[in-house]
Each structure stands twice: as C-alpha cells, then as structure tokens.
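Heavy-atom basis, side chains included; hydrogens, waters and symmetry copies ignored.
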Amino acid sequence: MEGKVAVLGSADFVTPFSALGLDTFATESDSAAVQQQAASILKKKYTLVVVAENIARPARSVFDKTEKDATPCIVVVPF
C-alpha cells in the first residue's frame, strides 16, 4: 500500500516526525486551530494520520466524518 503520512500535534510532537520526512502539521491546542488543521489534512488525501493524544479530542469532530472509510487511518499516540 502506498500513501502519504501526516502528523498532527504541537510543535514539540511533530518535530521528530519532520526529521523522518513526514508531512507535519503543528498546531496550537485551541479547538478552532486543531479543527482547521485536521480539515486541511483530509483535503490532501493522506493514507495515515498520526495525532497527538492531547489534541485528539478537538480533532475528532473532523475525523469522525471519515470513520467508515478505509483511508485515512487515524492513529492517536500518547504525548
């Protein structure tokens, strides 16, 4: 399977992923900023989205729209 990987979280969270060459989306923890970044990720058709646990709740309302789709696969990781 081929596809792009996006990483959504604070700057501290996404920096190591950026070093690996993944597309990173640093965001503040306020709901509006998180939802805007999440919507941007969905528009770009990523296959895998890694989300920091501390911002997963505000992003959920955006990502829930894709719950029944095969992609993107949303993975929440502790941070």
Side-chain angles (χ1 to χ4, degrees):
M1 175 193 246
E2 290 185 29
K4 300 187 300 180
V5 178
V7 182
L8 177 63
S10 66
D12 292 341
F13 179 79
V14 302
T15 300
F17 293 98
S18 179
L20 294 172
L22 302 178
D23 294 343
T24 56
F25 296 83
T27 185
E28 299 171 17
S29 58
D30 72 272
S31 293
V34 171
Q35 290 173 354
Q36 182 180 8
Q37 288 286 40
S40 174
I41 289 170
L42 289 182
K43 288 178 187 173
K44 295 180 181 177
K45 305 287 185 193
Y46 285 92
T47 304
L48 174 65
V49 181
V50 178
V51 182
E53 182 179 41
N54 60 332
I55 64 146
R57 181 168 281 151
R60 184 176 184 164
S61 63
V62 176
F63 290 136
D64 276 350
K65 298 172 187 172
T66 64
E67 188 173 301
K68 295 183 181 184
D69 299 334
T71 57
C73 176
I74 311 296
V75 178
V76 177
V77 249
F79 181 65

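- Applying the side chain to side chain contact (heavy atoms under 4.5 Å, CB included) test to Ala26 and every residue at least two apart in sequence or in another chain returns Ala11, Val14.
- Among residues at least two apart or in separate chains, there is no salt bridge (Lys or Arg N to Asp or Glu O under 4.0 Å) pair with a member in residues 23-52.
- Partners of Glu53 according to the side chain to side chain contact (heavy atoms under 4.5 Å, CB included) rule, which considers only residues two or more places apart in sequence or in another chain, are Val76, Pro78.
- The ring-ring contact (aromatic ring centres under 6.0 Å, His included) pairs that include a residue from residues 57-79 are Phe13-Phe79, where partners are two or more places apart or lie in different chains.
- Both Leu48 and Val77 are part of a single hydrophobic cluster, where members link through side-chain heavy atoms under 4.5 Å apart.
- At least one side-chain heavy atom of Pro72 sits less than 4.5 Å from a side-chain heavy atom of Thr66.
- The salt bridge (Lys or Arg N to Asp or Glu O under 4.0 Å) check on Arg60 picks up Asp64, with sequence neighbours excluded.
- Linking ILVMFWY residues whenever their side-chain heavy atoms come closer than 4.5 Å, directly or via other members, places Phe25 and Ile55 in the same cluster.
- Here the CD1 atom belonging to Ile41 is positioned 11.5 Å from the CD atom belonging to Gln36, to the nearest 0.5 angstrom.
- Looking only at side-chain heavy atoms (C-beta outward), Thr27 and Leu8 come within less than 4.5 Å of each other.
- Leu22 and Val49 fall into different hydrophobic clusters, defined by Ile, Leu, Val, Met, Phe, Trp and Tyr side-chain heavy atoms under 4.5 Å apart, directly or through other members.
- Pro58 meets the side chain to side chain contact (heavy atoms under 4.5 Å, CB included) test with Ser31, Val34; sequence neighbours excluded.
- How far OH of Tyr46 is from OG of Ser40: 7.5 Å, rounded to the nearest 0.5 Å.
- Judged as a side chain to side chain contact (heavy atoms under 4.5 Å, CB included), and not counting sequence neighbours, the contacts of Val62 are Gln35, Ala38, Ala39, Leu42.
- Phe17 and Val5 fall within the same hydrophobic cluster, defined by Ile, Leu, Val, Met, Phe, Trp and Tyr side-chain heavy atoms under 4.5 Å apart, directly or through other members.
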